[in-house]
Chemist: 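Take this structure, written in structure tokens, and hold onto it; I'll ask about it next.
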Amino acid sequence: MPGPGHRSRSTRRARVRARRNGFGGRDRPTVRSALPTRSAPSMRDVLIPALRDALSGLGVEPPAEIHLEQPARREHGDFSSNVALATAKAAGRNPRELAQQLADVLAASPPRHVTAVEIAGPGFVNFRLEPGWLHDQVPAVLAAGVDHGRSTLGAGRKVLVEYVSANPTGPVHAGHARGATYGDALARLLAFSGHDVTEEFYVNDRGVQMQTFADSLAARKAGEEPPEGGYLGEYITEWAAEMPDGEDPLIWGEARALLDQQEVLADLGVVFDAWFSERAMVNSGAIDSTLADLRERGVAYDADGATWLRSTEFGDDKDRVLVKSDGEVTYLLPDIAYHRDKFARGFDLLINVWGADHHGYVPRMKAAIQSLGHDPSDLEVVITQLVRLERGGEEVKISKRSGDLITLRDLIGEVGPDAVRLTYLLQSVDSPQTVDLDLVVSQSNENPVFYVQMANARLNSIGRVAAERGMQRLPLEQADLSLLTHERELEVLRNLYVFPQVVELAARERAPHKVTTWVRELAGSVHGFYHDCPILHLDTPEPLRQARWWLAEAAAVGLRNGLGLLGVSAPERM
RNA sequence: GCCCCCGUAGCUCAGUGGAUAGAGCGGCGGACUUCUAAUCCGAUGGCCGCAGGUUCGAAUCCUGCCGGGGGCGCCA
């Protein structure tokens, strides 16, 4: 079923390779090197100092941070500041009067592009700008190309993002998809924002569930039912049939599961830098050395025949057992050893993406890394709330043990990786999410992935049709961008302008869904522009055509960059 | 009992302490001899769970309730 979301395997692989270069983007901009780098200083960098100077001139101590926003309502101007409101009280001034004085000072020698400074409401200072400030966005975006929005925010900080980390006892299922898409998008976002990012999958290949898995495989191979509490999934039977005689079901089974997981995650565009084996770590003696370290630091003690971590000293509810009285280690100790290893590898910041069912585990993990002498803020745990899957309004339950599961492979096969990714990245991971599989599958306008990709496809169609008609785009230098005054054109430009701010905020807040929201807004403005501002029509004057054409190019760069951060493809035609 | 997340339009969800709270979908009514109508436009649709508090200003911050989800082991 070659629907719009369908891509060949080789295309996906190419995309996976492309993002290895530090960005989720794919296509190179067509115009990049040919352009002069006319840098467009952000209006914020013009207006905020102007406000600060004006405030000082009026004898008011400017606050450390001056707020400047772009009001949602057009009649409130292009930029708006609340400084008068924020400082009036401390300065013993009336906010409206202070705002008026600020406006007078600023209007007397208006900053670049400013046509009017007005006061409104309780004391807002509103700036009205001539469209020229936005026109600089076209050459700026085109010059930046795939780097538009890239920043050095992270200052090269070494970050380890650990996510998915599903047990190697079966296929990854739909329940893992949220963590997978979130972790991957977060990693792209952080890399794009100047962090040195490594993505890792922790392979929990040790312990009772691993043995149960192996026993289940062995039983199926022998033509028997899995043991009590074993894995009942259909895949166990299939894999058992594949397993050659004489293989150790634990070793072979893990390899089989990992192969399956790596394959399907790669199909989703999720590729890890490292798969970290718990068993290998344990075999290397990390448990003993970690325990010795903890004892040395005086945070481990023996009581009731067990060994405990004094985690209450670091904010945990109760002390935790590290080694049980029967001599077995608990799950906590290997986890501590694992995080100790992460720090030993030189990472400055650890980000773990965990499901909501593990949130209670956060305080003790934080306590553990503190007990090893690290700052608790060096470990961030992002909890993704649970996803409720529905089919036509009916809840679909997933349980690996019972074998009642929707695999990620099935999901991708039904809707394609783009729809899966965009669907999961639509909203904050703080909110529980309801995904109706019927809706995701439907190739209708209920599915936002098509809306966004369609915007890009439409922009791309301009070049194709122009080529058929023999129409030419002249060099950017010859375009008169000041002709872009239509509200639809300005709306696209405004969206392009805020992209770097959106990326920064999304990175700071570990919130890739903010990029999704932005992409949808840009796509919306592109559709409006496309609808109302024809480029190739014969009654469009040539100079306006050229200006719009370049705007379309810049918008396409924006769409590709935004989608690239989300790992969603930007097909040129649909 | 304690801890975490959520509660915003019929549904799914956005919403950096700001002004008249937004989008998509669904429903209603319009727009294709033109670059993709998978689009666009319009009208409709809201005690932002409830009650206090902080603030010049609260969907947003604080407290307490109510409702939903998840978690509180010498399980993993």
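No experiment lies behind these values; they were computed from the predicted model shown. Protein chains get the first letters and strands the later ones, always in sequence-line order, with residue 1 at the start of each.
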Chemist: Output a table of nitrogen or oxygen pairs between the protein and nucleotides 44-46 of chain B separated by less than 3.5 Å.
Modeler:
none

Chemist: Toward the 5' end of RNA chain B, which comes first, R520(A) or H531(A), by nearest nucleotide?
Modeler: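 Whichever sits nearer the 5' end wins; that is R520(A).
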Chemist: Consider the side chain of E69(A), meaning its heavy atoms from C-beta on, and name the nucleotide among rC35(B), rC13(B), rG18(B) that approaches it most closely.
Modeler: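 Selected nucleotide (nearest to the side chain): rG18(B).
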Chemist: Measure from the side-chain heavy atoms of H359(A) and tell me the nearest of rG70(B), rA76(B), rA19(B).
Modeler: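 That would be rG70(B).
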Chemist: Is there a salt bridge (Lys or Arg N to Asp or Glu O under 4.0 Å) between E504(A) and R508(A) once you walk through the steps?
Modeler: CA-CA 6 Å; E504(A) 178 175 335; R508(A) 278 188 198 284; 2.7 Å; yes
Chemist: Of all the nucleotides listed (rA19(B), rG73(B), rC35(B)), which has the minimum atom distance to the side chain of N126(A)?
Modeler: rA19(B)
Chemist: Between Y182(A) and Y163(A) (judged by ring centroids, cut-off 6.0 Å), do the two rings come close enough to count as a pair?
Modeler: no
Chemist: Please pick, from rC13(B), rA76(B), rG15(B), the nucleotide with the shortest atom-to-atom distance to any side-chain atom of H513(A).
Modeler: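 Out of rC13(B), rA76(B), rG15(B), the nucleotide with an atom closest to H513(A)'s side chain is rG15(B).
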Chemist: Kindly point out which of rG69(B), rU36(B), rC35(B) is positioned nearest to the side chain of M454(A)?
Modeler: rU36(B)
Chemist: Kindly give the atom pairs (protein nitrogen or oxygen, nucleotide nitrogen or oxygen) under 3.5 Å for nucleotides 53-57 of chain B.
Modeler:
unit_1: rC56(B); atom_1: OP1; unit_2: K89(A); atom_2: NZ; d: 2.3
unit_1: rC56(B); atom_1: OP2; unit_2: K89(A); atom_2: NZ; d: 3.3

Chemist: Any strand is fair game: report the nucleotide pairing with rG67(B) by Watson-Crick or G-U wobble, both distances under 3.5 Å, or none.
Modeler: rC6(B)
Chemist: Determine if F124(A) stacks with rA19(B); use a centre-to-centre distance below 5.5 Å and an interplanar angle below 30° as the criteria.
Modeler: yes
Chemist: Check the distance between rC40(B)'s P and R488(A)'s CZ and give it to me in whole angstrom.
Modeler: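 So the CZ-P distance, R488(A) to rC40(B), works out to 8 Å.
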Chemist: Among rA14(B), rG70(B), rA38(B), which nucleotide has an atom closest to any side-chain atom of S428(A)?
Modeler: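 Closest nucleotide to the S428(A) side chain: rA14(B).
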Chemist: In the structure shown, which nucleotide is the Watson-Crick or G-U wobble counterpart of rC74(B), with both distances under 3.5 Å?
Modeler: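 Because no pair has both required distances under 3.5 Å, rC74(B) counts as unpaired.
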Chemist: Could you work out which one of rU20(B), rC74(B), rA14(B) sits closest to the side chain of R73(A)?
Modeler: rU20(B)
Chemist: L544(A) has an atom CG; how far is it from atom P of rC35(B), in whole Å?
Modeler: 17 Å
Chemist: Please determine, for the side chain of N204(A), which listed nucleotide (rU36(B), rC41(B), rA76(B)) has the closest atom?
Modeler: rA76(B)
Chemist: With respect to the side chain of P71(A), which nucleotide from rA19(B), rA38(B), rA37(B) is positioned closest?
Modeler: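 My answer, after comparing the listed nucleotides, is rA19(B).
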Chemist: Quick one: which of rC74(B), rU36(B), rA76(B) gets closest to the side chain of S325(A)?
Modeler: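 When the side chain of S325(A) is considered, rC74(B) is the closest of rC74(B), rU36(B), rA76(B).
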Chemist: Need to verify one output field. Residue with the more 5' nearest nucleotide on RNA chain B, G528(A) or L386(A)?
Modeler: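 Its nearest nucleotide being more 5', the pick is G528(A).
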Chemist: Any stacking of H537(A) on rU34(B), going by centres under 5.5 angstrom and planes within less than 30 degrees?
Modeler: yes
